[in-house]
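Right, one structure below, let's go through it.
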Number of protein chains: 2
Amino acid sequence: MAAPEGLFVLEGRPTAQLIADQLREQIVQGTFRPGQQINESAVAAQLRTSRGPLREALQRLCQEGLLISHRNRGVFVLELSTADIKEIYAVREAVELAASNTLMDAGQDQINDTCRVLKEIIRDMAKHVAVSDWQAIARLDMQFHSTFVAGTGNTRLIRIYETLAAESRMCILSLEVAYPRLDVLVQEHQNLLDLLEAGDRKGLQQAVKRHLEKAVEDLTVARLDTEITA
Amino acid sequence: MAAPEGLFVLEGRPTAQLIADQLREQIVQGTFRPGQQINESAVAAQLRTSRGPLREALQRLCQEGLLISHRNRGVFVLELSTADIKEIYAVREAVELAASNTLMDAGQDQINDTCRVLKEIIRDMAKHVAVSDWQAIARLDMQFHSTFVAGTGNTRLIRIYETLAAESRMCILSLEVAYPRLDVLVQEHQNLLDLLEAGDRKGLQQAVKRHLEKAVEDLTVARLDTEITA
DNA sequence: GAACTGTAAATTGTCAACAATCGGCGATGC
DNA sequence: GCATCGCCGATTGTTGACAATTTACAGTTC
């Protein structure tokens, strides 16, 4: 088939996508702050490229909604309001519930494959919980959910969820310390995994719903605090 | 507030987005055929612009998934397989079911506003059914569903559905005459509207599900025919 | 002192030229 | 006859320069 032994297709993906992926990572890691303007010349120089390819990448991220473009003024990193948080998690609920159903209808092999990866993520998560590495935990949290959705094999659902995951990480990042009680977090994900493995469709759906509703609560409450103190 | 009397913000939207919107319309109308390569120079000249802004627009459509980019070879219009059709309608089901729930939980005013627009669309649809204007019917069909989703007010759900609507129109277009029994089509949409107006959550959900499942059946069966005859 | 106007710097939007890459086609060798 | 190599046209990828617009600031006027 493809790539027989140690040979990779050289730079198979388009440049703009590579740049967009890098920028997305920088955004969710907080290198670019919400509301901040992206200076094309500066970022292009930093990435050792010219403004052309960079602008193409920026357009991709605008389409995703991570950046917003004001004509003749430039592109800015999205600022998340409480309404945005509710929107994001409402869509996540829709996607993850659909993924739950699809996975349950899929073969046991497909479920097992997914569960195997999810187990490893939870293991990693537990490690980082031990040392309270928030950034890593946020990344693994979203990786868990992304893997879950990826288990469906639906490329469109996966692509949609990629953006949602990025936005979710921005939510979490925007309030620095958002995770209340870290051990509960690991426990909740373990619970989702168990229900998936057991094939408990109804239970899984309810657990997903509650997991996300709880997240919205934590995020909006924390945000109210920051808004009041600010 | 904004635009007090007859004054509009001059060209408020970014250029790349305007070009992308035009191209998307051309794609779903079949001006660009599936699998066809987009010649940058030619299209840029046709749009009275240069390759720079055009390429930015193309990147947006690549991100959406309507175009696919092969490095150093160019961008091509998406070719829809039966697997794609199933994917698209699976995501549509997820989105529309979520929209149903959100709308039902929303206030009666919001529902009424939506229903008013939906009624007009159905009226238009009936007109075009009388003269069997397929293109118009396909457009109104998706406009009905887009309006339904837009009723939730969730901007992210709306943006996601925009792409799905475009892809759906491509599905329908790709097999020329896809609508079996036009009167039934109008009837089905009227049924959805009635259930929404009546506040019958369960009934609406089931109707949406069956409506989409039926569409997939029609599309995949029709596609099998074309593939056999081809 | 406040409001308005005009200028200047910085940044984005656009363009045209250059470089790199790919697919096709004919020539060559086996 | 078939496969391979190498060239050529066409198209994309990239760059730097130029034009247009916005924002901030200083100067002016009332």
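Only heavy atoms go into these numbers, but all of them, side chains included; no hydrogens, no water, no symmetry mates.
Under the side chain to side chain contact (heavy atoms under 4.5 Å, CB included) criterion, B/Q37 pairs with B/F76, not counting sequence neighbours. Residues forming a side chain to side chain donor-acceptor pair (under 3.5 Å) with A/T114 (at least two apart in sequence, or on another chain): none. The ring-ring contact (aromatic ring centres under 6.0 Å, His included) check on A/F32 picks up nothing, with sequence neighbours excluded. The salt bridge (charged side-chain N to carboxylate O under 4.0 Å, His left out) check on B/R51 picks up B/E40, with sequence neighbours excluded. Remark: B/R116 engages B/D113 in a salt bridge (charged side-chain N to carboxylate O under 4.0 Å, His left out) (not counting sequence neighbours). Taking the side chain to side chain donor-acceptor pair (under 3.5 Å) definition, one finds that B/T49 meets it with nothing, sequence neighbours left out. For B/H128, there are no ring-ring contact (aromatic ring centres under 6.0 Å, His included) partners, not counting sequence neighbours. Looking at residues two or more places apart in sequence or on another chain, you find no side chain to side chain donor-acceptor pair (under 3.5 Å) involving B/Q110.
A salt bridge (Lys or Arg N to Asp or Glu O under 4.0 Å) check over residues 146-156 of chain B, counting only residues at least two apart or in different chains, returns the pairs A/D84-B/R156, A/E87-B/R156, A/E167-B/R156.
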* In the 5'-to-3' direction, what one-character label does each nucleotide of nucleotides 9-15 of chain D receive under the scheme B = base within less than 4.0 Å of a protein heavy atom, S = sugar-phosphate only, - = no such atom? -> --SBBBB

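Each end of the helix from C/dG1-D/dC30 to C/dC30-D/dG1 yields a helix axis from five base pairs, and these two axes differ in direction by 0° (to the nearest 10 degrees).
Interface limits on DNA chain C: the 5'-most and 3'-most nucleotides within less than 4.0 Å of chain A heavy atoms are C/dT11 to C/dT14.
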* Test log, rule side chain to side chain contact (heavy atoms under 4.5 Å, CB included), inputs B/W134 and B/L182 -> CA-CA 10 Å; B/W134 307 98; B/L182 288 179; 3.9 Å; yes

